[in-house]
Amino acid sequence: MTAPLKHSASVTVDVALGDRAYDIVIGRDVLQTLGARVAALRPGVRTAIVTDRTVAKHWLEPTEASLAAAGIPTSRIVVEEGEGSKSYAGLSQVSEALIAAKIERNDLVIALGGGVVGDLAGFAAAILRRGVDFVQVPTSLLAQVDSSVGGKTGINSPQGKNLIGAFHQPVLVIADTSVLDTLSPRQFRAGYAEVAKYGILGDEAFFGWLEANHADIVVGGAAREHAIATSCRAKAAIVSRDERETGERALLNLGHTFGHALEAATGFSDRLFHGEGVSVGMVLAAEFSAQLGMIPADDVARIARHLSAVGLPTRLQDIAGFTQEGLADADALLALMAQDKKVKRGKLTFILLEAVGRAVIANNVEPSLVRDFLQVKLARH
Ligand code: GLY
């Protein structure tokens, strides 16, 4: 696979879901086309833009301008930045504001932001008046390659992440790759973990291309659009075959069972961004697979080497303060995994690896094996 030399105007990836199919439009400055695309999709529509304070500072005005230029009335709903907004309180704020803005059945909610805003606004749209359509305008790398595509929406319960939610597909995704220029390097890297995930779980050639081109992706060269489009194509293909995660969609959870437990153990705080948890989680999944004799050690080392070259954490010891006494032990991590949605009748579901580019779903993993594995990992310095 070779890197594209020039930025293309835009790339459109189709999510083939029959009469609920939609386009993901990827490219520099495609945000400017939002109004025209929405007007073509829904003539006469009204919209409400849901965003957070930080994204609003950079991108609310251009978004409103694009919609206004197409003659589309808009209102704005601004929530606090961060995971705390993905809560019953955040849902109540957004739902009541949508009702106050008189968003009706045929109108559109526009989610302008990262994963938190997309999940929250999408869920509010799913339940408002028993279902209003929505558009995703993802502004983080993580949202562009993962959370804005595929229709998973929801909020967190005090008892666990994403436990309250609905499948609700967007009608359009606008992934403007130039908006990623305002992300902090750390946020960008965290999103990159989800890009690498597509290579690790199902596309060894893409992983090899990432090893050669990751620097150009970070600086915003043409490789960035290619990486995002390839990731979205991979996700769209899986979602169109298994929308409700009855089978292969679970592969997209590679690194997430360990990752969610690590996020929970660090209080969903800035100590560990979601993508960073996925990075550590993918390496743990690879190492656990090796312990079960499933994957060659060289492949495990290759995965860890690449994530580390990008600047992502790959070991429990990379998480600030994590292995100090009392902060985490194997039993606590196991208890957190048991709260995850990936548990069935006491057995854990893990996505394990047979090679770089070949992931498998393991439904019956004995918790004691995971505990023993984590105990060894936690003891290492
Ligand atoms: N983020 C995993 C999925 O959408 O299925």
Side-chain angles (χ1 to χ4, degrees), residues 13-17 20-22 24 83 86 111 113-123 125-126 134 136 138 140-156 160-170 173 175 190-203 227-264 268 272-282 285 337 340-344 348-353 359-363:
V13 174
D14 171 47
V15 185
L17 285 168
R20 291 174 300 113
Y22 55 94
I24 309 165
E83 196 73 25
K86 249 179 81 169
V116 166
V117 163
D119 285 8
L120 171 65
F123 186 44
F134 82 118
Q136 287 272 21
S140 69
L141 178 58
L142 185 134
Q144 293 194 352
V145 298
D146 182 36
S147 57
S148 70
V149 176
K152 281 189 181 174
T153 71
I155 58 170
N156 302 326
K161 201 170 152 81
N162 296 330
L163 291 181
I164 311 294
F167 284 99
H168 187 50
Q169 299 290 342
V173 181
Y192 184 94
E194 299 276 3
V195 175
K197 183 185 79 176
Y198 293 105
I200 297 168
L201 75 85
D203 189 344
I228 294 171
T230 305
S231 302
C232 286
R233 256 183 228 112
K235 179 149 189 185
I238 291 177
V239 166
S240 62
R241 289 191 296 262
D242 179 24
E243 183 184 1
R244 298 272 167 154
E245 200 172 304
T246 55
E248 72 168 308
R249 184 166 179 169
L251 294 174
L252 297 173
N253 297 329
L254 174 65
H256 284 62
T257 305
F258 286 118
H260 278 173
L262 298 173
E263 278 183 88
F268 296 104
L272 188 71
F273 290 171
H274 173 72
E276 294 171 335
V278 170
S279 175
V280 178
M282 288 193 294
M337 287 179 203
D340 212 87
K341 294 186 292 324
K342 303 164 193 80
V343 178
K344 271 196 199 123
L348 294 162
T349 297
F350 274 89
I351 308 307
L352 300 179
L353 288 164
V360 291
I361 303 167
N363 279 317

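Atoms within each ligand, like the ligands themselves, are counted from 1 in listed order. For this chain, numbers begin at 1 and follow the sequence in order.
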Q: Take the angle between the ring planes of H168 and F134 and call it parallel below 30°, perpendicular above 60°, tilted in between.
A: parallel

Q) If we ignore angles and hydrogens, is there a donor and acceptor under 3.5 Å between the side chains of H256 and E194? A) yes

Q) Hey, are the side chains of N156 and I164 touching, using non-hydrogen atoms and a 4.5 Å cut-off? A) no

**Q.** Under-4.0 Å heavy-atom contact with ligand 1, by part of V239 that carries it
**A.** neither

Q: Assess K235 for proximity to ligand 1: is some non-hydrogen atom of it under 4.0 Å away?
A: yes

**Q.** Side chain to side chain, I24 and K235, heavy atoms closer than 4.5 Å
**A.** no

Q) Nearest to atom 1 (N) of ligand 1, what protein heavy atom do you find, and at what distance? A) D146 OD1, 3.0 Å

Q: Report the part of H256 (side chain from C-beta onward, or backbone N, CA, C, O) that has a heavy atom under 4.0 Å from ligand 1; answer both or neither where that applies.
A: neither

Q | Nearest-neighbour protein heavy atom for atom 5 (O) of ligand 1, which is reported as residue plus atom name and distance | A | R249 NE, 2.7 Å

Q) If only atom types and distance count, is the side chain of S240 paired as donor or acceptor with the main-chain N or O of L17 below 3.5 Å? A) no

